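Notes follow the structure.
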Amino acid sequence: MSNENNMERRLNTFIQVSKNITTNDSLKELIQQIIEDVIGAIDKADAGFLLLWNEENQYLEIEAAVNFKEDIYLQNKLLEGEGISGTVFAEGRSMLINTIDEIEKAMSNMRNKTLQYYLKSTVHALMPVSCMSVLLVYQQQKIGVLTIDNFKNEGFFTEEDLRFLEAIGSQIAISIVNARAFYEKQQRALQLETILKLHNQLNETVLEGNGMQSLVKSLARNPNDCIYYFDSLGRLDISHPTSSGDVSFLSDWLRENRKVLQIQQLQKIYKREELFGQALSVQSSFGTIGYLVITGKSVPLDIVGELSFQHAASIIAIEQIKLQEQLKSRQAEKEALLKDILNLNLTTEVQGYLKKQEMIPSKYFVFLVIKSKQHSFEELTQFHLLEEGMRQVFKKEFSVMIFPNRNKLFLLLGAKKEDSGNVQVVRQYIERLQASYKDILVYIGRPVYSMRHLPISYKDAELLEKEMDPIQKEESVFDFQALGYKRYLFNVPEEEAEYFVENILGPILSQVNNRTKNEWLSTLQSYLYSNKNVSKTAEIMHLHQNTVYYRIQQIQEKLNCDFDNLDHLTNLKVALFLYERQEQGTMGNEEY
């Protein structure tokens with residue numbers, strides 16, 4: 001071919017490279033067309049590939065090639081300095097090699113896996129006889145490498161071929177950078193449109209009042225995705241689709257990674273060293289109030305997914321704040337209602353509310369105090385769930401109302417039938433309750449048959465919870481009968497109680513700072529609490545039984561009493577009870 005025709009063809013290639021940016025629908029198609037045009041403009045070229053630098057992963061990856069097998073070369077990644085193309089990128093200089101030996105030498109530093117990929121991907125399954133490679137650079141930034149090979153054509157590449165490749169390499173770099181900017185702009189516009197559409201869908205879901213389930217469902221962009229919402233303690237609240245297989249694993253992961261999740265960014269979840277899902281904390285002015293989790297094919301989320309998740313988290317936070325305020329208001333209303341009931345302020349409004357809750361007409365009423373051995377009931381969102389759960393347990397024979405009070409609950413039961421007016425019947429239902437809430441302690445007030453006597457049942461349950469002996473705590477259900485005579489000592493005037501205590505226990509209380517006196521008192525308390533069992537008293541106090549016997553003898557002498565005398569023993573128990581009440585500072589009126 002004449003030099004004039006060759007020059008014309010190369011000039012046309014320059015023009016075509018510039019045009020391709022506006023005629024191709026994708027960056028990949030642009031690059032493929034560029035390399036085909038370049039190979040067509042060089043007589044001896046019959047193969048080649050264009051590699052672009054991946055800044056994030058720090059390697060060169062082949063974007064397009066001619067006469068190489070795509071299914072193989074797409075798997076190949078070149079490190080900086082590896083092989084001919086990697087060396088050109090690392091050193092920033094072009095290479096022209098016209099012997100097989102020199103080509104093999106230049107490729108000798110390639111990793112074995114990379115070299116095998118290269119050989120398997122060539123159509124000719126052999127080394128080229130001639131090769132030239134140039135750097136693609138734009139404004140002093142290296143963006144990739146263009147490598148052209150000659151496998152079958154006679155002759156070798158010339159310096160003139162290399163100069164043409166270098167010249168057009170600059171044009172290719174400009175075209176690629178401009179094309180990237182063009183396509184990134186298009187992509188951002190598309191992403192923005194998608195994000196706005198998703199945001200509008202989420203907003204409409206909330207405005208229409210479709211609930212959290214619909215909100216969570218709308219986040220699933222792929223049929224194989226599973227979206228979860230866990231509360232602040234890592235307990236599953238909602239999932240779409242309904243799933244239980246991975247809930248335990250995800251709950252444990254959330255609890256273990258609470259500190260990391262406080263940073264409001266998506267965190268990757270790994271299971272057996274493989275990426276399994278992503279999690280995002282839901283934050284509000286109250287702190288962390290929940291967690292959004294996604295598993296499935298959409299992981300890791302793209303920018304659209306991330307922004308949608310973050311927007312959903314903001315919406316959930318707002319909804320949860322609204323719910324918290326509603327629950328606070330509801331709790332305040334219940335506290336006010338309980339005070340009205342206990343103060344016998346049974347107005348028409350109060351009675352109307354009790355009728356609505358089916359407390360009127362009940363055949364009898366009983367108050368329970370419920371405490372947890374391990375957890376508090378301070379989380380407001382628990383109350384509604386607790387009330388519904390307890391209502392389900394008791395609903396066959398009782399109406400149910402819950403009154404939260406700091407770290408415990410007051411449960412009011414209204415019996416629907418008279419033959420349910422029995423503590424044993426209540427205990428049977430409590431056993432069912434404990435099957436669902438395994439760590440609770442329950443204190444049962446006495447059953448009363450009139451709304452006006454409710455304060456009696458309430459006081460029983462409250463005092464029972466406060467006054468049960470620590471020794472009896474291995475039990476989990478207590479009823480009002482355990483209070484016995486103590487129930488009637490709470491109304492003793494403070495001054496009269498002080499005189500009685502001094503009269504009975506004075507000799508061992510006169511010097512409260514004296515170590516011996518305190519030992520007498522603690523020994524007496526343990527001895528009576530253990531029903532005069534010396535062995536158990538010694539175990540409680542970590543003493544030898546002989547020491548306990550000696551102290552008991554001293555106490556009887558000091559107090560001029562006989563522990564085998566029923567009257568003396570009763571006086572001692574009453575005095576100890578009143579003394580302990582004084583020490584606790586709880587004499588006088590109670591809260592309600």
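As the structure is a prediction and not an experimental result, all values here were calculated from the model.
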Find the distance between [atom1] ([X]) and [atom2] ([Y]) and round it off to the nearest 0.5 Å.
X	Y	atom1	atom2	answer
S476	K371	OG	NZ	14.0 Å
K408	L368	NZ	CG	13.5 Å
L301	Q278	CG	CD	4.5 Å
L338	E335	CG	CD	8.5 Å
L441	L464	CG	CG	10.5 Å
F394	Y429	CZ	OH	9.0 Å

Considering all heavy atoms of both residues, which atom of [X] and which atom of [Y] are nearest to each other, and what is their separation?
X	Y	answer
V299	I294	CG2-O, 3.7 Å
P455	I341	CG-O, 4.3 Å
L572	I504	CD2-CG2, 3.8 Å
N546	H544	N-ND1, 3.0 Å
P447	F480	CD-CE2, 3.8 Å
F230	S251	CE2-OG, 3.3 Å

Between [X] (side chain only) and [Y] (backbone N and O only), is there a donor and an acceptor less than 3.5 Å apart?
X	Y	result
Q267	L280	no
H240	I227	no
S362	M359	yes
E358	S399	no
R255	L233	yes
K334	I402	yes
N257	W253	yes
T547	L543	no

After noting the C-alpha distance and the side-chain angles of F563 and Y527, does the key distance pass the ring-ring contact (aromatic ring centres under 6.0 Å, His included) rule? CA-CA 10 Å; F563 289 162; Y527 180 64; 5.4 Å; yes

Is it true that [Y] and [X] share a donor-acceptor pair across their side chains at a distance under 3.5 Å?
X	Y	result
Y550	Q554	yes
S457	R446	no
E349	T347	no
Q262	T288	no

Are D225 and K297 close enough, and set up right, to give a salt bridge (Lys or Arg N to Asp or Glu O under 4.0 Å), and what steps lead you there? CA-CA 6 Å; D225 291 345; K297 288 191 174 181; over 6 Å; no

For a 4.5 angstrom cut-off between non-hydrogen side-chain atoms, does [X] reach [Y]?
X	Y	value
I456	H453	yes
M390	L433	yes
I555	L521	no
M541	R551	yes
N565	L569	no
L509	V501	yes
V369	L409	no
K396	K416	no

For atom [atom1] of [X], decide whether the heavy atoms of other residues, nucleotides or ligands shown that lie under 6.0 angstrom number more than 12.
X	atom1	value
K271	NZ	yes
N224	CG	yes
K532	NZ	yes
R452	CZ	no

List in chain and number order the residues that pass ring-ring contact (aromatic ring centres under 6.0 Å, His included) with F276, two or more places apart in sequence or in another chain; answer none if no residue qualifies.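 F276 satisfies ring-ring contact (aromatic ring centres under 6.0 Å, His included) with F249 once adjacent residues are dropped.
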
Can V366 and V448 be said to form a side chain to side chain contact (heavy atoms under 4.5 Å, CB included), step by step? CA-CA 6 Å; V366 60; V448 295; over 6 Å; no

Does the pair E397 and V425 meet the rule for a side chain to side chain contact (heavy atoms under 4.5 Å, CB included), with working shown? CA-CA 10 Å; E397 295 197 46; V425 174; 4.3 Å; yes

Could you check whether Y291 and Y229 have their ring centres less than 6.0 Å apart?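 Judged by ring-centre distance (under 6.0 Å), Y229 and Y291 do not meet the cut-off.
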
Relative to the ring of F403, is the ring of F367 parallel (under 30°), tilted (30 to 60°) or perpendicular (over 60°)?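 Ring orientation of F367 relative to F403: tilted.
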
Positive for side-chain contact (heavy atoms from CB on, under 4.5 Å) with N345, one of D340, L337, V350: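 Among the candidates, only D340 passes.
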
With side chain to side chain contact (heavy atoms under 4.5 Å, CB included) as the test, would you mind laying out the steps for V426 and D479 before giving the verdict? CA-CA 10 Å; V426 176; D479 65 54; over 6 Å; no

Please report the C-alpha distance between Y228 and L250 in whole Å, then the side-chain angles of each, then the deciding distance to 0.1 Å, and finally whether the side chain to side chain contact (heavy atoms under 4.5 Å, CB included) criterion is met. CA-CA 9 Å; Y228 305 83; L250 291 171; 3.6 Å; yes

